[in-house]
Participant: 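Got a structure for you, written out below as structure tokens; questions coming shortly.
Given the structure is predicted, the values throughout are model-derived calculations rather than measurements. The chains referred to below are lettered A, B, ... by the order of the sequence lines, with proteins before strands, and numbering in each begins at 1.
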Protein chains: 2
Amino acid sequence: MISPETAELRILDAAETLFYGRGLQAVGMDEIRSASGVSLKRLYQLFPSKGELIQAYLRRRDIRWRQRLAAYADAQDTPEERILAVFDWLHEWFGEPDFRGCAFSNSFGELGATSSPVAETARAHKEAFFGYLAELTAAAGKPASLSGHLALLAEGAITTAAITGSAEPAHAAKEAARVLLAAA
Amino acid sequence: MISPETAELRILDAAETLFYGRGLQAVGMDEIRSASGVSLKRLYQLFPSKGELIQAYLRRRDIRWRQRLAAYADAQDTPEERILAVFDWLHEWFGEPDFRGCAFSNSFGELGATSSPVAETARAHKEAFFGYLAELTAAAGKPASLSGHLALLAEGAITTAAITGSAEPAHAAKEAARVLLAAA
DNA sequence: AGAGTAGGAGAACGATGGTTCTCGCGCAAG
DNA sequence: CTTGCGCGAGAACCATCGTTCTCCTACTCT
């Protein structure tokens, strides 16, 4: 038998791959059982319902996503470079083979109307991301309005990259960001 | 009995309200039957499967959405005004009580991974929208890259407005668009 | 008027999926 | 050793949903 911690990790890993890759409703609990190798009984002990598993998946993904982004951007030397690095990181993300857009936007589109926890998690994720951009913008001594504009560019790049299947929107967004940055 | 044309209209109206408002998989055919007042038999005569009804819904929405946008923007006097009017129209749209983001992005997030018709329709919609922006940009004598940047702003505004439930992103996007327009 | 047909209401069917239950096994405590 | 508990495997259960079928009504065409 495997430890509860390992079981939880395996479940969350399987859930993330499947939910993100195919959508929340398209994936059944049985499939998460098979992919994780954890029995249905244990699965329901750790996550009492599919809804709770979805929330756990989204919560973990939110934290990890923002950590990856911040680790990349914060490694830059100047505030301006950190801002532009956000778009470089987006480009790397878009290039990953399993990239399929923003997990939160996708979940919101699918269940936001019928599940307030999902809607709330999506909103919290966007707010946290926008808050991070606001920090970077403030550190660069730029007006707060700029951070809102950058957020729209990033958001638009994510959606566009997902639907067109190309990483190019990240470069276009960076170009636009450079113009806005210079003008602000 | 009602005419086949009326039945088709009523079905498509009901499907649009329900699919857009609650999601594709969250709405059953029975509910479309009730909302439209058209019997299940007729419904399946006109749309042989739920998948085909979804496609019909998306096709009609694509055309209507772009017509509404173009009717609004094309009424402006100058090319620059037409570009900025796109964002004013977005603001009006975001303010509608049943606004819930882009039907195509939502559908893509929900079924894009498992249904190629849905993925293809979403891509076609975005391409058509971007093409329209490219026309406006070219008419203003601006470089093609600008139209890509404007597309990202619009796209980001739609997603952000949907998740935050506010129409404000349209104004922020317009502000950013004005800066990019002046700099291009 | 009478026969045949189209249509409506809704039951029925089959598949799927979330959740729980049963069964049998292995291990740990007494 | 044996008793009981926790676990895994998977069947079972129940609701939902896409799709089709049945039955009955009402109208049309002669």
Side-chain angles (χ1 to χ4, degrees), chain A residues 1-58 106-107 110-118, chain B residues 1-58 106-107 109-118 121:
Chain A
M1 194 199 76
I2 58 182
S3 78
E5 295 76 23
T6 307
E8 188 169 329
L9 271 183
R10 291 219 259 179
I11 291 166
L12 285 172
D13 288 347
E16 178 154 12
T17 304
L18 291 168
F19 283 151
Y20 177 67
R22 304 229 310 274
L24 268 17
Q25 295 177 94
V27 173
M29 295 297 268
D30 258 26
E31 208 163 350
I32 289 169
R33 183 235 327 242
S34 313
S36 66
V38 174
S39 76
L40 226 38
K41 189 182 261 180
R42 287 269 266 183
L43 210 174
Y44 274 94
Q45 276 172 4
L46 292 163
F47 304 96
S49 73
K50 186 180 182 182
E52 307 228 18
L53 178 56
I54 288 174
Q55 284 179 248
Y57 145 63
L58 290 174
N106 290 348
S107 300
E110 186 172 354
L111 288 185
T114 50
S115 157
S116 22
V118 167
Chain B
M1 194 199 73
I2 58 183
S3 78
E5 295 76 24
T6 307
E8 187 168 330
L9 270 183
R10 291 218 260 183
I11 291 166
L12 285 172
D13 288 346
E16 178 154 13
T17 304
L18 291 167
F19 283 149
Y20 177 68
R22 303 230 311 274
L24 268 18
Q25 296 177 93
V27 173
M29 295 296 268
D30 258 24
E31 209 163 350
I32 290 170
R33 184 239 320 246
S34 313
S36 66
V38 174
S39 75
L40 227 36
K41 189 182 260 180
R42 287 271 266 184
L43 210 173
Y44 275 93
Q45 277 172 4
L46 292 162
F47 304 96
S49 72
K50 186 179 180 182
E52 308 229 20
L53 178 57
I54 288 174
Q55 284 179 248
Y57 146 62
L58 290 174
N106 290 348
S107 300
E110 187 172 353
L111 287 185
T114 49
S115 158
S116 23
V118 167
T121 308

Participant: State, with a plain yes or no, whether a side-chain heavy atom of A/F19 is found less than 4.5 Å away from one of A/L58.
Facilitator: no

Participant: With the side chain of A/Y44 defined as its heavy atoms from C-beta on, choose the nearest nucleotide among D/dT19, C/dG7, C/dG18.
Facilitator: C/dG18

Participant: Look only at the side chain of A/E8 and the backbone of A/L46, and say whether a donor-acceptor pair between them is shorter than 3.5 Å.
Facilitator: no

Participant: Is it true that a side-chain atom of B/Q55 and a backbone atom of B/P117 form a donor plus acceptor pair closer than 3.5 Å?
Facilitator: no

Participant: For B/E110 and B/G23, indicate whether the former's side chain and the latter's backbone hold a donor-acceptor pair under 3.5 Å.
Facilitator: no

Participant: Starting at atom CG of A/L43, determine the distance to atom P of D/dG10, rounded to an integer number of angstrom.
Facilitator: 15 Å

Participant: Under 3.5 Å, side chain of A/S115 to main-chain N/O of A/G112, donor-acceptor pair present?
Facilitator: no

Participant: What integer distance in Å separates B/Q45:CD from C/dG7:C1'?
Facilitator: 8 Å

Participant: Write down the distance between CD (B/Q25) and P (C/dG17), rounded to a whole number of angstrom.
Facilitator: 10 Å

Participant: Taking only residues two or more places apart in sequence or in another chain, which ones pass side-chain hydrogen bond (donor to acceptor under 3.5 Å, both in side chains) with A/E52?
Facilitator: none

Participant: Roughly how many Å is it from CG in A/L40 to P in D/dG10, rounded to a whole number?
Facilitator: 11 Å

Participant: To the nearest Å, how far apart are B/L18 CG and D/dC17 P?
Facilitator: 12 Å

Participant: List the atom of B/L53, the atom of B/I11, and the distance in Å for their closest heavy-atom pair.
Facilitator: CD1-CG2, 3.8 Å

Participant: Which sits closer to the 5' end of DNA chain C, A/L24 or A/K41, going by the nucleotide each is nearest to?
Facilitator: A/L24

Participant: Supply the atom-to-atom distance B/S107 OG to B/Q25 CD, rounded to the nearest 0.5 angstrom.
Facilitator: 10.5 Å

Participant: What residues in residues 27-39 of chain A put a non-hydrogen atom under 4.0 Å from any atom of DNA chain D?
Facilitator: A/R33, A/S39

Participant: In residues 47-54 of chain A, which ones come under 4.0 Å of DNA chain C, going by heavy atoms?
Facilitator: A/S49, A/K50

